[in-house]
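Data block below; observations after.
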Amino acid sequence: MVRLIRKRETLLFAIIVLMIAVFSTRAADFATPDNLAGIFNDTAILIILALAQMTVILTKSIDLSVAANLAFTGMAIAMMNAAFPGLPLVVLILAAIVIGAALGTINGFLVWRLEIPPIVVTLGTLTIYRGMAFVLSGGDWVNAHQMTPNFLSVPRAPILGLPVLSWVAIIIVALMYMLLRYSPFGRSAYATGGNPTAAVYAGIDTGRTKFFAFVLSGALAGLSSYLWVSRYAVAYVDIANGFELDSVAACVIGGISIAGGVGSVAGTVLGALFLGVIKNALPVIGISPFTQMAISGTVIILAVVFNARRERNRGRIILRDRAAAEVAA
């Protein structure tokens, strides 16, 4: 029981429950099941992008281009739907995933083969992908009346009380949990970020692992592009602007170490939900957008400090245990 209480995920879950209880005192309907389901649905795309970001961060990298990937891919499939309304929805969704994965492949190749630092690569491709979205569209928007009803309606369709968008996020969470916990790729990702030297000696190709992490991140960004465009019924160059930082924030708040190799899917999901609750609650209780930004930034800094202290303490414990073992010997 004590171990459960000490876990980061348990603490974060308790904080989210406490926030909901506090906010419900200011807005009576805030804690109702329908509103909480709405908050989860609003946060679903962020959850998917945060899981994409988590996969890369685990390998001691970062992907600042996930939102730009979403913007370009979303613009591409929206224009495809407008130009070829007869294309089946499945084809469009697969096209979004493939385009997103292709953009992720570019990032992964530059990091793996050319050994350029990930933050430099993805900062550059962030700008490139946004520029590509502008060139592709000529700066124009694709609006709801240009898209087919089927393209727009599927993510909103309710199943067992939740929209399809929410169910997609739940399925992605389950798949990512299985992938990172039980697959060779998951073990390689944790090893690559946790101790790259030991991973190499264990026979893990750390460069290839980072490459596939970027490809997976791009594929999830591509899937998110369809969900975003269809949910908001519009595609334009600046969609999801700033979401790359939100995805990093969700990871950091959820206990994912920026240094790599530490974190869980549950923590990432809770980090995204934490941001989702804050973003839904602060406008309800009359907090200005600028104050909201300050609060969100403060929370991120506190989470980074908390993570840094926890990792430093873990290192001290390892050294203390080693010293005790040497004395005993």
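At a threshold of 4.5 Å between non-hydrogen side-chain atoms, the residues Ser137 and Val237 count as touching. Asn35 places none of its side-chain heavy atoms less than 4.5 Å from the side chain of Asp29. Looking at heavy atoms from C-beta onward, Asn143 lies in side-chain contact with Gln146 at the 4.5 angstrom threshold. Within the 4.5 Å cutoff, the side chain of Ile239 has heavy atoms near those of the Tyr236 side chain. Using a 4.5 Å cut-off on side-chain heavy atoms (C-beta onward), Met176 and Thr268 make no contact. A heavy-atom distance below 4.5 Å is found between the side chains of Leu216 and Leu179. In this structure, the side chains of Phe274 and Met19 come closer than 4.5 Å at one or more pairs of heavy atoms. Counting heavy atoms from C-beta outward, Arg231 and Asp42 have side chains that approach closer than 4.5 Å.
Judged by distance alone, with hydrogens and angles left aside, the side-chain atoms of Tyr226 form no donor-acceptor pair with the main-chain N or O of Ala96 at under 3.5 Å. Using a distance-only test at 3.5 Å, with no hydrogens or angles considered, a donor-acceptor pair links the side chain of Ser264 to the main chain of Gly267. Proximity of a side-chain donor or acceptor of Arg156 to a complementary backbone N or O of Pro163 within less than 3.5 Å is not detected. In this structure, the side chain of Arg187 does not engage the main chain of Arg181 through any donor-acceptor pair within 3.5 Å.
With rounding to the nearest 0.5 angstrom, the CD1 atom of Ile278 is 11.0 Å from the OG1 atom of Thr43. Between the OH atom in Tyr232 and the CG atom in Leu152 there is a gap of 14.0 Å [rounded to 0.5 Å]. In this structure, CD1 on Ile119 lies 11.0 Å from CG on Leu126, to the nearest 0.5 angstrom. The distance from atom CG of Asn41 to atom CG of Leu36, rounded to the nearest 0.5 Å, is 12.5 Å. To the nearest 0.5 Å, atom OG1 of residue Thr59 and atom CZ of residue Phe212 are 13.0 Å apart.
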Using side-chain contact (heavy atoms from CB on, under 4.5 Å), reason through Ile170 and Phe40 one step at a time and then give a plain yes or no.
CA-CA 10 Å; Ile170 292 170; Phe40 181 82; 3.8 Å; yes

Step by step, would you call Phe30 with Thr25 a side-chain contact (heavy atoms from CB on, under 4.5 Å)?
CA-CA 8 Å; Phe30 190 81; Thr25 62; over 6 Å; no

Any chance you could lay out the side-chain contact (heavy atoms from CB on, under 4.5 Å) test for Trp167 and Leu160, step after step, and finish with the verdict?
CA-CA 10 Å; Trp167 286 113; Leu160 299 177; 4.0 Å; yes

Steps toward side-chain contact (heavy atoms from CB on, under 4.5 Å) verdict (Phe84, Val91):
CA-CA 11 Å; Phe84 307 101; Val91 173; over 6 Å; no

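Closest approach of Ala259 and Lys60 over heavy atoms only: O-CG, 3.1 Å. Residues Pro155 and Ser230 share a closest heavy-atom pair of CG-OG, 2.9 Å. Residues Leu162 and Ala37 come closest through the heavy atom pair CD2-CB, 3.8 Å. Asn241 and Arg130 get closest at one heavy-atom pair: CA-NH2, 3.3 Å. Pairing each heavy atom of Ala82 with each of Val142, the nearest pair is CB-CG1, 4.4 Å. Here the closest non-hydrogen pair linking Thr206 and Ala199 is CG2-CB, 3.9 Å.
By the rule that hydrophobic residues join a cluster once side-chain heavy atoms approach within less than 4.5 Å of another member, Val22 and Ile16 end up as members of separate clusters. Leu18 and Ile20 are members of different hydrophobic clusters when ILVMFWY side chains are connected at heavy-atom separations under 4.5 Å. In the hydrophobic cluster analysis, where Ile, Leu, Val, Met, Phe, Trp and Tyr join through side-chain heavy atoms closer than 4.5 angstrom, Leu245 is grouped apart from Leu275.
A salt bridge links Lys279 with Asp246: at least one charged nitrogen is closer than 4.0 Å to a carboxylate oxygen.
Annotation: side-chain contact (heavy atoms from CB on, under 4.5 Å) contacts of Asn81 (sequence neighbours excluded): Leu92, Met147, Thr148, Phe151.
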Cut-off 3.5 Å, no hydrogens considered: what does the side-chain donor-acceptor table look like for residues 63-79, sequence neighbours left out?
unit_1, atom_1, unit_2, atom_2, d
Asp63, OD1, Ser65, N, 2.9
Asp63, OD1, Ser65, OG, 2.6
Asp63, OD2, Ser217, OG, 3.0
Ser65, OG, Asn107, ND2, 2.9
Asn69, OD1, Thr73, OG1, 3.0
Asn69, ND2, Gly100, O, 3.1
Thr73, OG1, Asn69, O, 2.8

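Val265 pairs in a side chain to side chain contact (heavy atoms under 4.5 Å, CB included) with only one of the listed residues (Leu270, Ile47, Ile256, Leu51), which is Leu51.
Ring to ring, Phe214 and Trp112 are not that close: their centroids are 6.0 angstrom or more apart.
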